[in-house]
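Since the model is a prediction, treat every value here as computed from it, not as a measurement. Each chain gets a letter, A, B and so on, in the order its sequence line appears, and its residues count up from 1.
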Amino acid sequence: MLILEVANIDTYYGKSHILQDVSLKVNQGQIVALLGRNGAGKTTTMRSIMGLTPARRGVIRFKGEEIQKRKPFEIAHKGIGFVPEDRGIFPDISVLDNLTIAAKNSADGQKRWTLEKIYHYFPVLDRLRDNKGQNLSGGEQQMLTIARTLMTNPDLLLLDEPCEGLAPQIVNQVLFGLIKGLKDKEGVTILLAEQNARFCLGLADWGYLLDKGAIHFNASAADISANQEVQSKYLSL
Amino acid sequence: MSLLEVRKVSKSFGKLQAVSELDLSIDEGEVRCIIGANGAGKTTLFNLISGRTRPDSGQVVFAGEEISGMRPPQIVRKGLSRSFQVSNYFPNLSVFQNVRIAVLSRMRKSRIFYWPVSRLGPVNQRVTEILENFNLLPLAEVIADKLSHGDRRKLEISLVVAQEPRMLLLDEPTAGMNSTETESTIHLIKNLVTKLGLTLLLTEHDMKVVFSLADKITFMHYGQVVCEGPPQEIKANADVKEIYLGGEVC
Amino acid sequence: MEFSYFIYQLIIGLSYSMLLFLIASGLTIIFGLLNIPNFAHGALYMLGAYFTYFFLHSLPGVSFGIALVLAVVSVGLIGAFLEYVPLRKIYERSHALQLLMTFSFILILDDATKYFAGTDFLSIAIPKLMDGSITLPGDREMPVYSIFIIACGLVVAYLLWLGLYKTRLGKLVQAGTANKEMLSALGINVPRLFTLVFILGSVLAGLGGGLAGPLKAVSVGMGETVIITIFAIVIVGGVGSLKGAFIASILVGELNTFGVVFFPSFAMAFTYILVIVVLLTKPEGLFRTK
Amino acid sequence: PTLLRAANKPIKFGQLNTTSGIMASQGVPAMRAAQIAQDIINQAGGIMGRKLELVQEDDQVKPSVGVRKFRKLVLEDKVDFVFGTNSSGVGLACVPLANEFKKIFISTSMSDKYTGANCSPYVFRIGESTCMASKASAYCMVANAPTVKKWAGINPDYVFGRESWDFFKQGMKDKNHPVEYVKESFSPFGCQDYKPYITALLESKADGVFTSLWTGDLINFVKQAKPFGFFDKVKAFVNNTTAVATSIGLGNEMVPFWGEARYYPFYRDSELNRQYISMYQKKFGGYPAADTGAECFASVVALKLAIEKAGTTDTPKVIAALEGLEFEVPEGKKWIRPEDHSGIDEVVLLGKFHHDPKYPFWVYDPKTYFTVPGKEIAMPLSQTGCKMAKP
Amino acid sequence: MPPKPQNLKNPIIWFFASLIVLWAAPLFLPTFYVYLITEILIVSLFAVSTNVLLGFTGLLSFGQVAFFGSSAYAVSLLIKGTSLPFAASFFISVGMSALAALIIGLFCMRLRGFYFAILTLAFSQIFFVVVYKWTSLTGGDDGIVGIPKKPFLFFNINGPDAYYHFVLLVVMVSLALLYLIIRSPLGEVLQAIRDNSERTEFLGLQVRNYRLASFVIAGTFGGVAGALFAPFQGIVTPELLHWSHSAEPLMISLLGGMYFFFGPIAGAVIFVFIKEWITGFTEYWMFWYGLLLMLLIMYLPGGIMGFVSEHLKRGKDDSR
Ligand SMILES: Nc1ncnc2c1ncn2[C@@H]1O[C@H](COP(=O)(O)OP(=O)(O)OP(=O)(O)O)[C@@H](O)[C@H]1O
Ligand SMILES: Nc1ncnc2c1ncn2[C@@H]1O[C@H](COP(=O)(O)OP(=O)(O)OP(=O)(O)O)[C@@H](O)[C@H]1O
Ligand SMILES: [Mg+2]
Ligand SMILES: [Mg+2]
């Protein structure tokens with residue numbers, strides 16, 4: 001079932017035209033990867049969906065409802081969660097407050113994530129619960145960002161470079177399992193942008209290739225993994 | 001002879017001992033990589049060395065001179081520069097101007113107040129060269145704030161390289177870069193090391209980078225050095241595998 | 001100096017301190033949480049006094065207390081408007097620009113007040129209940145209204161401490177100031193939150209104005225006579241720190257009181273000397289929260 | 001034909017007063033009072049058949065703005081004469097310009113400096129000076145509170161306040177009245193908290209207190225002093241600048257104290273005064289309460305009479321006509337002393353405020369009216385230091 | 001492509017062209033406007049010097065007025081109280097404000113952001129209080145009146161046109177110097193400090209020294225403006241040192257566009273004219289003026305130059 005549909009959006013930063021006629025579809029319970037070089041427009045696509053950099057043209061439908069004119073907080077309430085690449089930790093409040101400040105149930109009232117569950121995946125956050133956000137190490141902040149968004153129980157999760165700064169052990173043993181679990185056990189849909197291609201393609205069902213703000217190609221993850229030409233042309237793997 | 005020596009340096013934040021009695025010695029021309037779990041104390045160690053934070057106890061000696069307690073500009077002047085884990089640049093200046101600040105400082109031209117900076121040929125020449133090396137030339141006139149995340153990371157590294165230090169501290173230099181960029185950055189760093197005889201201390205979570213660069217790896221855990229040795233040895237170390245690498249899923 | 005005279009002056013000073021605190025608490029909240037150096041805070045204080053006068057004299061049978069409440073609500077509404085329309089556009093801008101914008105509010109509010117209320121001085125009577133004074137040892141008088149002001153200051157300090165630092169609100173705003181985008185992406189209506197905080201700050205300014213009314217000539221421009229002192233208090237205390245504003249208010253109030261007793265010829269400079277001494281020893285104020 | 005047109009052109013008076021900020025309470029009524037004078041004159045046919053036109057500018061109590069506006073009035077608006085200012089800072093700043101442009105400037109602020117060592121043929125000060133107001137206050141106290149011997153002062157901490165205090169003491173000396181000064185205090189302009197000054201005055205056990213606080217400062221002082229029982233403990237309290245504006249501002253909070261006003265509406269029962277008050281009330285509502293207002297009115301009247309006396313608007317001739325001019329204004333008769341261009345009232349009035357149900361605010365108790373002839377308290381010519389040059 | 005080295009000829013041509021046009025202006029303008037432009041020139045210099053701090057170093061300072069005012073007082077006292085030639089008085093006063101800026105700067109450099117702003121305000125208020133209360137020297141709140149325009153070197157500068165030409169020369173030369181400083185490596189470092197002082201330190205530059213340099217530069221040229229202002233007005237009063245006066249150059253810089261060298265100049269022209277115009281036509285000028293300010297900030301937050309440069313850019317983009 002289609003949960004998110006992005007149809008022909010154009011997005012600008014001021015006067016620079018970044019996304020050009022971008023369309024993509026995500027089915028319920030799928031993991032879809034956004035692939036592309038630095039500056040291709042992955043982040044911008046996510047920001048457009050989230051309403052942070054609203055698209056000037058085009059339609060974005062979430063659960064069948066048009067959301068392109070909605071404010072970010074309304075979109076969040078409809079069930080989209082965003083994990084940004086630059087973390088956006090609230091620096092002056094504690095880790096615990098970072099986690100709980102915006103915690104809410106999912107759009108249909110479920111509470112899939114609790115502090116205990118978060119601490120189970122990320123025990124560091126438990127240990128550091130009273131530290132101020134700004135005093136965490138880079139990787140700890142990354143974990144906090146992911147955890148904080150999970151606490152809002154989203155149905156669709158936008159993950160922008162979630163692995164950045166995380167130690168291999170966390171990436172491979174925690175994050176990989178966590179994302180897989182989200183999809184398999186909770187039916188959460190995920191849109192993923194990640195430079196770590198192995199991680200990304202290892203998880204994704206489907207992939208969209210972005211280059212210079214436009215979609216050039218889309219195929220199943222398996223196909224992309226197999227397609228040397230695409231990889232070297234757009235991903236330089 | 002060791003260029004940088006860290007002697008029994010400790011730093012705690014409240015109850016948390018972020019770095020404790022740590023010893024480290026790095027030879028001139030060496031490429032040393034520090035790895036360790038998140039929160040192991042790598043960035044804190046960098047902060048202690050570069051003068052961003054003061055150690056609670058212990059000494060940092062660079063080229064035979066104690067630098068712990070000095071302010072960052074002094075340390076930089078001695079030839080020790082660092083990059084930041086979170087990109088740290090001049091958001092409202094163009095990419096070109098960003099790098100030019102570093103070059104002006106390096107060439108000791110920053111105090112000139114009677115001549116337009118755009119007319120300082122050698123300076124601008126040098127900036128162009130650096131940008132070229134980092135594939136940033138097409139973005140030279142872009143205001144830094146408008147760069148994409150990956151491009152910011154490149155700018156971050158080019159700022160340090162522009163200072164042509166004797167020793168370089170790089171905190172996760174390639175995080176956020178795509179694989180081509182990562183490769184070309186590795187290449188660039190290698191070049192710098194061989195050409196200029198630069199000494200390098202870096203942290204990285206990308207094992208590809210670590211193993212293709214490091215002469216020697218130090219594994220840190222809870223603020224202490226657990227083991228130290230050539231890459232193959234560390235790779236094989238059970239602790240490292242267990243604590244840090246985890247299973248090779250990806 | 002006699003010891004009893006000393007104590008007497010201490011209490012006298014405290015009543016001024018608490019009046020200052022009432023006004024400064026609102027500014028430190030707006031400045032600390034929203035990061036807006038609201039230069040028009042003094043103008044809102046002035047409006048508090050004018051509205052109190054207006055309600056007291058235009059509605060029949062209204063007591064000082066009710067007039068004060070109505071005034072505070074009115075000032076809150078004006079604060080809401082200021083936040084909702086112009087201020088919202090410049091949260092991300094420099095302090096200098098924000099200062100200039102709030103300066104423009106002063107011009108507008110002052111002249112609007114002049115238009116509606118005229119230029120004559122107005123006077124609010126001390127409420128009957130609190131008129132007069134109690135006699136302290138040494139045949140010294142202590143006005144009841146001054147004691148009332150001290151009590152108000154303490155109550156407001158306590159309520160704010162409870163309401164702001166013991167609830168989610170304070171933390172939400174702190175988070176929103178640091179990263180508005182992220183907080184809204186997590187589902188919080190940040191603009192509404194900010195409006196609420198600005199209203200709270202304005203309400204405190206209005207309360208200060210209403211309470212100061214019986215002690216002052218209510219006049220256009222009365223805000224400008226206090227605003228620098230209030231800023232000095234907020235800065236000396238540490239921006240955003242309620243405790244800091246409290247202590248700094250006491251320092252400024254007592255310094256002015258005792259300064260006048262001991263070094264009257266420097267009266268004009270007391271506050272500035274305090275600012276210099278404190279900032280040179282503690283560059284971020286006495287109790288910076290961040 | 002050009003001559004004819006010139007003859008029909010209005011005569012322009014430029015006025016500088018403060019209509020914005022905290023001093024608007026002084027400047028706005030001043031502007032209004034001058035407009036009333038303009039109306040009265042124009043209704044009566046103008047000046048030598050020409051209309052009088054006022055050009056009013058806000059000096060923002062800033063000397064630098066005052067200077068710019070003075071230039072604008074003279075150079076842009078081409079006014080023939082300038083008068084006004086609420087503060088001596090602005091007024092004194094205009095003096096060099098009056099000399100430079102050779103334009104008559106009548107000041108409505110109180111400083112004695114206009115007519116002192118730097119006096120100038122172009123500059124007049126038409127109303128009471130600090131010296132007159134303070135000495136009159138002293139004389140009044142000698143007469144009305146002879147038993148009060150322990151005096152204290154609370155005055156604003158700037159030139160006017162210090163001079164007022166000195167002249168008050170001088171007045172006491174003039175009368176050979178032996179008194180003791182137990183406390184002198186000076187408070188900054190715009191002082192918000194007078195309580196420490198009040199308690200210190202009470203602590204000094206003074207019986208009499210002289211003050212030259214004015215406008216909002218005086219109101220603040222009175223309001224804050226009252227709960228301390230200040231006005232019961234101090235037997236005599238006298239102020240040298242109490243316009244009725246103060247008692248209007250204080251309303252029912254007013255207390256009985258002695259005041260000296262440059263203009264007091266209810267003393268003089270003259271046609272002109274009645275006309276002034278009724279026209280003011282009709283046009284603006286309320287009483288013409290601010291004393292600068294009366295001075296501005298007086299300036300317009302003086303200029304009108306002088307122009308008519310000279311038969312021209314030619315500056316040197318009008319100066320000559322102003323010198324020694326005797327004229328009637330709402331507050332009474334005035335005379336301009338030719339040697340230093342100081343305006344001198346026939347009498348200066350003091351009174352003690354009381355509540356009278358006939359008026360919406362406190363007024364002087366007629367039983368307490370106390371007058372001093374202006375010539376008696378004006379600064380003696382020998383002391384002014386003025387050497388008047390020829391225009 | 002790297003930015004092309006800026007063509008230096010252009011500013012030089014502009015400099016002389018505007019100098020010539022402005023020099024000839026009194027031929028066409030009524031005297032009142034000569035006065036007004038003289039004032040605009042002085043205010044421009046004051047604002048540009050303030051903007052070295054505000055726009056180019058990122059320091060909000062309320063202290064500028066102390067240097068402007070103390071220089072104005074110094075020059076007045078020297079002119080009236082000594083027989084020194086005006087040129088000497090002028091340079092002594094400017095030197096004194098530079099020294100004052102250095103001393104106050106040394107104290108203030110530790111502070112950041114608004115703390116810095118309030119500390120500079122406190123210092124400048126101390127200057128104000130000293131001048132206000134030292135009546136025997138400064139005349140207290142009545143100020144020093146009747147400051148003559150003595151000849152500068154061999155030039156007679158008495159009279160509105162002559163003084164205008166004198167001011168024009170001094171201001172143009174000062175602005176040229178400031179322009180050069182802003183475009184120099186030092187200026188670029190200042191902008192880097194404004195953007196990110198920590199990173200500047202980690203590039204090996206002692207931020208404090210550069211900030212201090214900027215503070216002294218601003219103070220010195222603020223002093224030049226003050227020394228020009230005193231004889232122009234013929235009087236000095238404590239108002240010149242009051243903190244509220246220091247809001248003026250800040251306001252002008254913001255209105256004009258603080259990230260542009262010429263922003264404060266555009267701001268000064270518009271500020272002085274608008275204010276002159278609005279105060280003339282209504283008693284409630286503050287209301288209209290405030291409303292205008294508010295709307296300008298709401299819709300042109302980058303100031304006039306910010307708006308113009310954006311439109312110029314758009315024009316270029318379209319033509320491409
Ligand atoms: N605030 C901004 N203003 C103007 N241009 C911007 C801004 N942010 C990003 N851009 C531009 O938009 C383009 C797309 O950026 P985006 O951040 O979406 O790329 P990305 O695919 O996420 O890259 P990365 O892998 O480096 O994060 C880039 O060319 C970038 O320079
Ligand atoms: N200023 C501080 N106050 C309190 N705790 C701090 C502070 N700075 C760092 N820490 C803590 O010290 C520990 C070490 O942090 P550090 O940044 O050095 O880790 P790191 O090894 O660089 O980790 P990463 O790989 O995630 O970047 C962390 O647990 C962190 O939370
Ligand atoms: Mg991105
Ligand atoms: Mg780190």
d(A:L192 CG, A:L35 CG) to nearest 0.5 Å is 8.5 Å
Minimal heavy-atom distance between B:S81 and B:V160, with the atoms involved, is CB-CG1, 3.6 Å
Interatomic distance, CG@A:D160 vs CG@A:L34, rounded to 0.5 Å, equals 8.5 Å
Take B:R32 and B:E228, measure what salt bridge (Lys or Arg N to Asp or Glu O under 4.0 Å) needs, and give me the verdict at the end. CA-CA 10 Å; B:R32 174 73 63 93; B:E228 201 170 88; 3.4 Å; yes
Bottom line for A:E140: the part with an atom under 4.5 Å from chain B's heavy atoms is both
Is it the case that B:K146 places NZ or CZ above or below the six-membered ring of A:Y13, under 6.0 angstrom from the centre and within 45 degrees of the axis?
no
Self-check item: Aromatic ring pairing A:F199/A:F176, orientation class (parallel under 30°, perpendicular over 60°, tilted between)
Solution: perpendicular
Pairing donors with acceptors under 3.5 angstrom, does anything connect the side chains of A:S48 and A:T11? yes
Answer key: most heavy-atom pairs under 4.5 Å with chain B among A:T43, A:V124, A:L166 is A:L166
(message) Is the terminal nitrogen or CZ of A:R57 (NZ for Lys, CZ for Arg) located under 6.0 angstrom from the six-membered ring centre of A:Y12 and within 45° of that ring's axis?
(response) no
If one checks every heavy atom of B:L147 against chain A at 4.5 Å, the contacting part turns out to be neither
**Lys/Arg-Asp/Glu bridge criterion (N-O < 4.0 Å) met for A:K183, A:D205** = yes
When you look at NE2 of A:H17, are more than 12 heavy atoms from neighbouring residues, nucleotides or ligands closer to it than 6.0 Å? yes
May I ask you to establish whether B:R100 and B:F96 are in a cation-pi arrangement, using a distance under 6.0 Å from NZ or CZ to the six-membered ring centre and at most 45° from the ring axis? no
Residues 37-56 of chain B vs chain A, non-hydrogen distance cutoff under 4.5 Å, contacting residues -> B:A37, B:N38, B:G39
Whatever's closer than 4.5 Å to a heavy atom in chain A on B:E183 counts as neither
Honestly, the part of A:E164 sitting under 4.5 Å from a heavy atom of chain B is side chain
Q.
Using the rule given for salt bridge (Lys or Arg N to Asp or Glu O under 4.0 Å), can you reason through A:K117 versus A:E186, listing the C-alpha separation, both sets of side-chain angles and the distance that settles it, and then say yes or no?
A. CA-CA 13 Å; A:K117 198 163 159 194; A:E186 297 173 6; 2.7 Å; yes
With chain B, the option among A:G165, A:G139, A:S137, A:G39 that has the most non-hydrogen atom pairs under 4.5 Å is A:G165
Ordered numerically, the heavy-atom neighbours of chain A under 4.5 Å found in residues 212-224 of chain B are B:Y222
